[in-house]
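Take a look at the structure set out below.
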There are 4 protein chains.
Amino acid sequence: MSRGNTRQRIQEVALELFAARGYEKTSLREIAEHLGVTKAALYYHFKTKEDIVISLFEDLGGPCDELIAWASGQPSDLETKLEVLRRYSEVLKHAAPLFRFMQENQATMRELSIGESFKGRLMKLLDIIQLPDAELSDQVRCSASLFTMHAGMFTMQTIEADPEDKRLAVLEVAQEMLTTAHKGHD
Amino acid sequence: MSRGNTRQRIQEVALELFAARGYEKTSLREIAEHLGVTKAALYYHFKTKEDIVISLFEDLGGPCDELIAWASGQPSDLETKLEVLRRYSEVLKHAAPLFRFMQENQATMRELSIGESFKGRLMKLLDIIQLPDAELSDQVRCSASLFTMHAGMFTMQTIEADPEDKRLAVLEVAQEMLTTAHKGHD
Amino acid sequence: MSRGNTRQRIQEVALELFAARGYEKTSLREIAEHLGVTKAALYYHFKTKEDIVISLFEDLGGPCDELIAWASGQPSDLETKLEVLRRYSEVLKHAAPLFRFMQENQATMRELSIGESFKGRLMKLLDIIQLPDAELSDQVRCSASLFTMHAGMFTMQTIEADPEDKRLAVLEVAQEMLTTAHKGHD
Amino acid sequence: MSRGNTRQRIQEVALELFAARGYEKTSLREIAEHLGVTKAALYYHFKTKEDIVISLFEDLGGPCDELIAWASGQPSDLETKLEVLRRYSEVLKHAAPLFRFMQENQATMRELSIGESFKGRLMKLLDIIQLPDAELSDQVRCSASLFTMHAGMFTMQTIEADPEDKRLAVLEVAQEMLTTAHKGHD
DNA sequence: GATGAATGAGCGTTCATTCAT
DNA sequence: TATGAATGAACGCTCATTCAT
């Protein structure tokens, strides 16, 4: 019946539950029950509970690092930054539930090894976007352009619309903020 | 030894730990130890762990409700909305650690009774701010103006500056977004 | 407001709750809350939780001992025994809730000092009633006559009738059993 | 080490301790220690403490229900009722410790789900035995015939004799009471 | 005559984890 | 690939009890 896909099914169910009820409140028992297997089976596939989370983020590190690497090789101008936002938006799209999980479990993430590593990436992206010597309000605009995209994906569930349309609208607003920030700085 | 201030000290330590390590990961034992009392002492002052959180939010509900009430009696124009943002910023200022806690423990808050109640308030504020029939990007701008203020207070710890200056900068950016959203809608 | 009657009110409420929910499941907090006083107030009137129970039984020991003493001075014939049952029935009537409590918390009573003391009294009554050298079935009849009266008062709540009428009926049946037991033994 | 018999050993030890010291006063720690396992091990085999009790009663429900079912299909005459007592006595024999536990923890049983269910069965038996329109004393005789058998098994520990002989003596007395009750009613 | 504040011990329960099979 | 059985640690919570005021 279950072929080699059990590992994947664990990841799916785990992400679903972690996102829905939080990392701490989701027990391995629950995950196992949802899957119709034993807790011990999870331990055949993953060394620890944290390991499951780590595996979830595995596919995400690559694209992020690539984005950072690409941006580092570009001139640090507005055009590059707008493209960074665009590409980041795309990354977010493909990992929406994961980002929702991150967003809603920040306190927990801070204690998970993987958390630090993603916080680092975020900081690097921010460094790329940021205008370090501009006025405070422009710095805020830069930061906000990034965080708006995070929040935009999950917190704005009030607005009913096609997800893809919403993503593009969020991206547009974020890019606009970044552009405003760069008025007079180049 | 400790007089009538124990209840308050519990609240202080609890907030500190909840904010630092998350609600679930903070045990009553830890809180008690930090205070030099027994777990049972906490239960003399609070009925449950959740009750401690509720008490923390108690002083916050009032100001929020007042703000909502005030706004409901005003014309729903840009001027009113800008003032709502300004006042909300002030509320946030006085309850910064609490909002940080909310922000970072969203998954947990969702399961706490108090969480629902604050989500409700947020939705009402959003209703007041929102332009329901505008283009998607303008709706996003409205939402983002509110959430930027939340995120702005705690997530932008990268930007080093006087907290009050930062708050005003965040407010300025948020108000600007809202103004942009209202261009052509009145 | 509350004069010297607090001690009594504690006893009343305690008995009520002990009978309703059992000794172990009834906490001093509950008793105190029912009375509108603090737990500590209970400790002003009684040294321990067990002490409350003991005090409840205080008024009961006397009549029982008197009954035993009286019977010991009488000839050990059927007539005496029937009178013992009659008098015991009267004692039971005046302490109905207390006996219900005993009956329903036997396991607990066994661990309470007062329990042993009442078990002792019961054994003495049984000794008085019993026909030690009779056939087994007659011995059972003697024992049963006593226990029927216990059970009869509280377990037979199915039968709807005036309590006093029921008591007399129970007594009649018990006496009848005892009489049957004594057929051929004198 | 211990094979598939742990579950059973838990039941045995639990029943022993519940009967000896009462349900509330018997902690899971005690049970575990008696078995040389951890508290957590108990939870591998039973979902809750109450679940252990429920499992103890599991084998008992069937025979009782069968008895009730059988009696319901018979004419409601004395002969049937005497046979009911006889069969019930046999059921009691096979579950003596369990009945002792019930008897001595009535207050507790009332709060346990299983308690209600057994009270229900008892009421049905009583309904079968009872003479609803007879004089009070005859109704008492009917009830008492049933309760005598309960009490007879455990409360009459004073009488030293072979348990089986005692059981038969108790049954005889109970049947006799029932017969007396039916004099003149048919 | 009673309270406010606290304690120490213990409870039932759940958890992530282990390991022989 | 997985399970059955178990563990040790911790958790949130309640209890009877104490004592200064």
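Here is the naming used below: chain letters follow the sequence lines, and residue numbers restart at 1 for every chain.
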Quiz item: Counting side-chain heavy atoms from CB outward, which of E:dA5, F:dG4, E:dG1 is closest to B:H45?
Solution: E:dA5
Exercise. Say whether, by atom type as modelled, one donor and one acceptor occur between the side chain of D:R7 and the main chain of D:L42 under 3.5 angstrom.
Key: no
Exercise. State which residues pass ring-ring contact (aromatic ring centres under 6.0 Å, His included) with D:F99; sequence neighbours excluded, sorted by chain then number.
Key: D:H150
Quiz prompt | Distance in angstrom units between C:L42 CG and E:dG1 P, rounded | solution = 15 Å
Self-check item: Atom-pair distance (CZ on C:F46; C1' on F:dT18), nearest Å
Solution: 18 Å
Exercise. Check the distance between E:dT7's P and B:I10's CD1 and give it to me in whole angstrom.
Key: 10 Å
Quiz item: Does the distance from a Lys or Arg side-chain N to an Asp or Glu carboxylate O, for C:K25 and D:E24, drop under 4.0 Å?
Solution: no
Quiz item: Is the distance from OP1 or OP2 of F:dA2 to the nearest side-chain N or O of A:T6 less than 4.0 Å?
Solution: yes
Self-check item: For B:H45, ring-ring contact (aromatic ring centres under 6.0 Å, His included) partners two or more places apart
Solution: none
Quiz item: How is the base pairing of DNA chain E summarised as a dot-bracket string, given the Watson-Crick and G-U wobble criteria with both distances under 3.5 Å, [ ] for crossing and | for another strand?
Solution: .||||||||||||||||||||
Quiz item: When C:S55 is tested against each of C:Q8, C:Q11, C:E50 for side chain to side chain donor-acceptor pair (under 3.5 Å), which residue passes?
Solution: C:Q11
With a 3.5 Å cut-off and sequence neighbours excluded, list the donor-acceptor pairs that the side chains of residues 33-41 of chain A form with protein atoms.
none

Quiz item: Does E:dA5 have OP1 or OP2 sitting under 4.0 Å from an N or O in the side chain of B:Y44?
Solution: yes
Self-check item: Rounded interatomic separation in angstrom, taking CG from C:L112 and P from F:dA16
Solution: 12 Å
Quiz item: Counting only N and O atoms by type, is there a donor-acceptor contact under 3.5 Å from the side chain of B:E116 to the main-chain atoms of B:S113?
Solution: no
Please tabulate the protein-to-nucleotide N/O contacts below 3.5 Å involving nucleotides 14-16 of chain E, giving atom names and distances.
unit_1	atom_1	unit_2	atom_2	d
E:dC15	OP2	A:R29	NE	3.2
E:dC15	OP2	A:R29	NH2	2.9
E:dA16	OP1	A:K49	NZ	2.7
E:dA16	OP2	A:L28	N	2.9

Quiz prompt | Residues forming a ring-ring contact (aromatic ring centres under 6.0 Å, His included) with C:F57, sequence neighbours excluded | solution = C:F118
Quiz prompt | B:A41 side chain, from C-beta outward: closest of E:dA6, E:dA2, E:dT3 | solution = E:dA6
Exercise. Starting at atom CG of B:N5, determine the distance to atom C1' of E:dG4, rounded to an integer number of angstrom.
Key: 14 Å
Quiz item: Are A:Y23 and A:E111 close enough that some pair of their side-chain heavy atoms sits under 4.5 Å apart?
Solution: no
Quiz item: Rounded to the nearest Å, what distance is computed from the CG atom of residue C:L35 to the P atom of nucleotide E:dT3?
Solution: 10 Å
Exercise. Please state how far atom CG in D:D51 lies from atom C1' in E:dT13, giving the value in whole angstrom units.
Key: 13 Å
Quiz item: Rounded to the nearest Å, what distance is computed from the CZ atom of residue C:F18 to the C1' atom of nucleotide F:dC15?
Solution: 13 Å
